[in-house]
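One-based numbering, in listed order, for ligands and for the atoms of each.
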Amino acid sequence: MSNKKPDTSHTKLNTDYLVIGSGLAGLYAAHYASKFGKVLIVTKSTVKESNSYWAQGGIAAALDPEDSAVFHSEDTINAGRGLCNIEAVDVLVKEGKERILDLIELGMVFDSDEEGLKFGLEGGHSKRRVLHAGGNSTGQGMVEFLISSVEKNSNIEVLELASVTDLVSDGKSCSGAWAYNQEENEYILINAKATVLATGGASALFERTTNPDGATGEGLDLAYRAGAELMDMEFIQFHPTAFYSDSGETFLITEAVRGEGAHLVNREGKRFMNKYHGLGELAPRDIVSKSIYDELKESGSKYVYLTLSHLERPFIIKRFSNIYGLCMNQGLDLTCDLIPVAPAAHYTIGGVRTGLMGETNLSGLYACGEVTCTGVHGANRLASNSLLECIVFAKRVIDGANKYFETSAGLNIEPGQPGIFSNTDSKDQESFDNIKNEIQNLNTHVLGIVRNGADIKDYISKLVSIIEESRTLSGWFAYKILSMGNMSRLIAESALYREESRGAHLRSDFPEEKEDLKTHIVNRLGMEPYQVKL
Ligand code: SIN
């Protein structure tokens with residue numbers, strides 16, 4: 001590495017709302033905020049590359065006359081294993097219906113037939129209430145709908161291929177962020193009245209994941225370094241049915257296939273879910289993932305199978321056209337072949353601790369979508385509640401920021417220096433790949449579906465040396481490993497702290513739920529983890 005001081009000359013931008021991230025939560029926040037002021041969306045990739053874009057599942061809302069917000073709330077709370085923030089659940093299920101009706105009024109099309117909207121069934125839901133768009137391309141449908149509105153909106157500017165390196169914060173407030181524009185090789189200091197984090201989750205910290213590569217929790221790291229509280233980091237949700245191949249190539253096979261009647265079978269071709277839970281294949285997600293884990297452990301196999309061969313072929317091809325195509329690319333016919341599947345890291349339940357208006361402990365900093373933790377999902381998120389969470393809390397974040405503007409006198413925080421990316425040296429690529437693979441592999445083995453204290457302790461010491469090692473890398477490579485290492489450490493420390501098994505967090509050395517751990521674990525820079533009750 002050169003000792004020459006890097007050139008951080010920069011341009012400056014001012015905006016009312018800085019939205020970091022361009023998934024469903026970021027786009028919805030931008031769309032709504034544009035009614036009140038200027039919005040700048042900054043995204044490290046392009047607007048189409050978010051996690052939401054790839055969401056197959058759907059969006060849950062109690063819109064069917066046979067259903068009600070009360071039933072939706074009960075299902076969410078049951079799945080959450082005693083840790084749901086009940087007020088947040090109430091907001092989600094009630095306002096979720098309103099937000100979906102708003103979108104329909106704006107022209108968003110959800111799948112319907114001659115009788116009206118079509119409602120799908122997924123694990124943990126007592127009613128058919130999951131809306132889809134384009135069969136199993138719901139995330140794409142919603143993101144594209146909002147992108148078209150954002151593109152036409154003169155109050156919204158989008159900065160693509162720009163990585164936010166740091167938030168501008170004094171540990172109490174936040175007044176914007178530093179970004180690095182990869183195309184122009186330029187630093188930008190963005191001054192914002194409100195900064196909204198909508199950067200998604202951290203499941204790509206794991207080797208097997210349904211998330212895009214970039215989902216390694218950089219937004220969580222930005223917030224943490226700025227002094228924001230992170231909560232429930234130990235709860236990583238594993239999706240039971242990600243496609244399995246020896247090459248490591250994987251993709252999500254939506255829970256909706258089980259909602260339509262698909263079975264899980266072991267290598268003898270026998271169904272096994274009924275021996276674990278009365279709802280069989282439609283048990284809550286934590287239970288299905290753990291049951292598959294147990295089956296795999298017993299049989300020594302790396303995967304179980306999904307079978308749809310007893311269902312109508314034309315229906316499968318129409319309803320799951322996307323997955324049908326992906327399986328065909330692997331030489332398998334979804335309508336008649338056994339499809340190998342195994343759990344994969346899917347959703348980060350924990351995140352930046354926020355109140356019901358998306359506010360964090362730093363004034364001026366807000367968060368919505370998967371990067372946050374309001375406690376709405378408890379210890380195990382109910383399927384298809386995440387796209388709903390995005391739109392409900394994205395609106396609330398902007399309403400919250402608008403209230404804050406009424407009383408805030410404006411901030412004058414010393415911006416400091418940005419993280420340095422311009423000196424990134426491509427010769428570090430191989431070392432970077434090796435360290436990254438090591439972290440992802442260790443996370444999968446130590447922080448996977450079943451964890452134990454001794455292994456987690458060893459891993460935390462190992463992470464300290466991995467983080468040290470990363471300091472020899474240049475620019476972005478060092479930044480990225482440091483960020484991945486630190487976020488893995490927080491997951492590990494919280495997992496060690498939670499000496500019980502609850503929802504998505506299972507400890508072989510503490511297999512029971514404990515009443516005194518019906519609390520949330522909070523991490524904050526420079527402090528030991530602490531517990532809060534919501
Ligand atoms: C799925 O389609 O199974 C995923 C949906 C979700 O994670 O909510």
Arg129 charged N/C atom sitting above Phe119 aromatic ring, 6.0 Å / 45°: no

Sorted by chain and residue number, the side-chain hydrogen bond (donor to acceptor under 3.5 Å, both in side chains) partners of Glu218 (sequence neighbours excluded) come out as Lys44, Lys480

Ligand-side contact atoms (ligand 1) for residue partner Ala383, heavy atom cut-off under 4.0 Å: 8 (O)

Which residues satisfy the side-chain hydrogen bond (donor to acceptor under 3.5 Å, both in side chains) test with Ser291, sequence neighbours excluded? none

Under 3.5 Å, N or O to N or O, is Glu122 touching ligand 1 that way? no

Between His377 and Tyr347: side-chain donor-acceptor atoms closer than 3.5 Å: yes

Those atoms of ligand 1 less than 4.0 Å from some heavy atom in His346: 4 (C), 6 (C), 7 (O)

For ligand 1, note which part of His132 has a heavy atom under 4.0 Å away: side chain, backbone, both or neither. neither

Have a look at His239, Arg285, Arg258 and point out the one with the heavy atom closest to atom 5 (C) of ligand 1. Arg285

Has Gln237 got any heavy atom lying under 4.0 angstrom from an atom of ligand 1? no

Distance, nearest 0.5 Å, that separates CE of Met233 from CZ of Arg498: 13.5 Å

Say whether Gln237 and Asp286, considering side chains only, have a donor N or O and an acceptor N or O under 3.5 Å apart. no

Ligand 1 and Asn385, any nitrogen or oxygen pair closer than 3.5 angstrom? no

